[in-house]
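Just below is one structure, and these are the notes that go with it.
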Amino acid sequence: QVQLVESGGGLVQAGGSLRLSCAASGRTSGTYAMGWFRQAPGKEREFVARFSRSGSSTDYADSVKGRFTISRDNAKNTVYLQMNSLKPEDTAVYYCAAGTTIVGLTSPVAYDYWGQGTQVTVSS
């Protein structure tokens with residue numbers, strides 16, 4: 001089992017920045033693909049960004065490319081999501097996820113473990 005805990009959410013004005021953190025504990029000795037997803041009220045959970053299992057490649061949703069950056073600190077078992085130039089449409093609960101698959105990493109079903117989520121609210 002892997003436990004994931006997100007932090008760093010909050011209220012920010014449009015154009016501002018936030019950095020989300022996802023700390024992993026438990027069976028972290030394995031290699032996991034790590035992803036960030038978000039879910040706005042009344043909408044489905046959507047892909048934001050991810051690392052491959054090897055950590056050698058990243059991918060971003062078109063809506064966040066150039067504004068968000070995913071990174072990781074393996075020594076701390078932590079994954080980050082730096083979010084810049086935030087827009088009101090970025091408002092959502094952001095979730096961190098970990099999975100052992102190597103394909104389909106833009107889909108929530110590819111992930112085995114999820115955090116509890118952290119709220120990000122961007123005011124206009």
Side-chain angles (χ1 to χ4, degrees):
Q1 287 281 357
V2 175
Q3 293 78 45
L4 303 173
V5 178
E6 302 98 333
S7 62
L11 173 64
V12 63
Q13 289 188 332
S17 298
L18 283 174
R19 188 177 80 157
L20 305 183
S21 300
C22 172
S25 61
R27 293 184 62 182
T28 58
S29 59
T31 303
Y32 296 93
M34 299 296 297
W36 284 98
F37 289 77
R38 66 187 182 186
Q39 189 166 18
K43 295 188 176 181
E44 293 186 352
R45 192 166 298 189
E46 65 173 2
F47 167 73
V48 176
R50 62 89 177 153
F51 264 113
S52 62
R53 278 192 66 179
S54 67
S56 61
S57 70
T58 59
D59 191 16
Y60 297 90
D62 288 342
S63 59
V64 307
K65 279 181 182 176
R67 300 188 298 122
F68 290 12
T69 303
I70 189 171
S71 63
R72 64 198 300 170
D73 185 333
N74 290 331
K76 296 182 178 180
N77 290 326
T78 301
V79 176
Y80 303 98
L81 185 68
Q82 178 67 44
M83 306 186 296
N84 298 328
S85 302
L86 283 161
K87 305 175 181 180
E89 50 263 44
D90 294 319
T91 295
V93 177
Y94 283 70
Y95 297 91
C96 174
T100 56
T101 188
I102 60 173
V103 297
L105 292 174
T106 59
S107 171
V109 301
Y111 295 84
D112 306 300
Y113 305 102
W114 291 84
Q116 83 289 348
T118 185
Q119 176 71 47
V120 171
T121 303
V122 184
S123 62
S124 58

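Cluster partners of Leu11: none. The rule joins Ile, Leu, Val, Met, Phe, Trp and Tyr whenever side-chain heavy atoms lie under 4.5 Å apart, and it links nothing here.
Identified under the disulfide (SG to SG under 2.5 Å) test for residues 87-124, with sequence neighbours left out: Cys22-Cys96. Residue pairs meeting the disulfide (SG to SG under 2.5 Å) criterion with at least one partner in residues 31-85, sequence neighbours excluded, are absent. Residue pairs satisfying the salt bridge (charged side-chain N to carboxylate O under 4.0 Å, His left out) criterion with at least one member in residues 68-83, sequence neighbours excluded, are absent. The ring pair (Phe, Tyr, Trp, His ring centres under 6.0 Å) contacts involving residues 40-81 comprise Phe37-Phe47, where partners must be two or more places apart or lie in separate chains.
With sequence neighbours excluded, the residues that form a salt bridge (charged side-chain N to carboxylate O under 4.0 Å, His left out) with Arg38 are Glu46, Asp90. Remark: Tyr95 engages no residue in a ring-ring contact (aromatic ring centres under 6.0 Å, His included) (not counting sequence neighbours). Every side-chain contact (heavy atoms from CB on, under 4.5 Å) that Gln13 has, sequence neighbours left out, goes to Ser123. Legend: residues meeting side-chain contact (heavy atoms from CB on, under 4.5 Å) with Ser124, ordered by chain and number and at least two apart, are Pro88. For Ile102, the side-chain contact (heavy atoms from CB on, under 4.5 Å) partners at least two apart in sequence or on another chain are Arg53. For Lys43, there are no salt bridge (charged side-chain N to carboxylate O under 4.0 Å, His left out) partners, not counting sequence neighbours. Under the side-chain contact (heavy atoms from CB on, under 4.5 Å) criterion, Ser57 pairs with Arg50, Ser52, sequence neighbours left out.
One hydrophobic cluster holds both Ile70 and Leu20 under the rule that ILVMFWY side chains link at heavy-atom gaps under 4.5 Å. Note: the hydrophobic cluster containing Leu81 also contains Val122 (ILVMFWY, side chain heavy atoms under 4.5 Å, direct or indirect links). Placement of Val48 and Val93 in two distinct hydrophobic clusters is found when ILVMFWY residues are connected by side-chain heavy-atom separations under 4.5 Å, directly or transitively. If you chain together hydrophobic residues whose side chains sit under 4.5 Å apart, Met83 and Val64 fall into the same group.
Residues Leu4 and Ala24 approach most closely at CD2-CB, 3.7 Å, considering heavy atoms. Ala110 and Val103 get closest at one heavy-atom pair: CB-O, 4.0 Å. Residues Ala40 and Thr91 share a closest heavy-atom pair of CB-O, 3.7 Å.
To the nearest 0.5 Å, atoms CD (Gln82) and CZ (Arg67) are separated by 12.0 Å. Thr78 contributes atom OG1, which lies 9.0 Å from atom CE of Met34 (distance to the nearest 0.5 angstrom).
You'll find the side chain of Tyr111 reaches within 4.5 Å of the side chain of Leu105, heavy atoms only. When side chains are defined from C-beta on, Tyr32 does not count as touching Asp112, because their heavy atoms never get closer than 4.5 Å.
When atom types are taken as modelled, the side chain of Glu6 and the backbone of Gln116 share a donor-acceptor pair closer than 3.5 angstrom.
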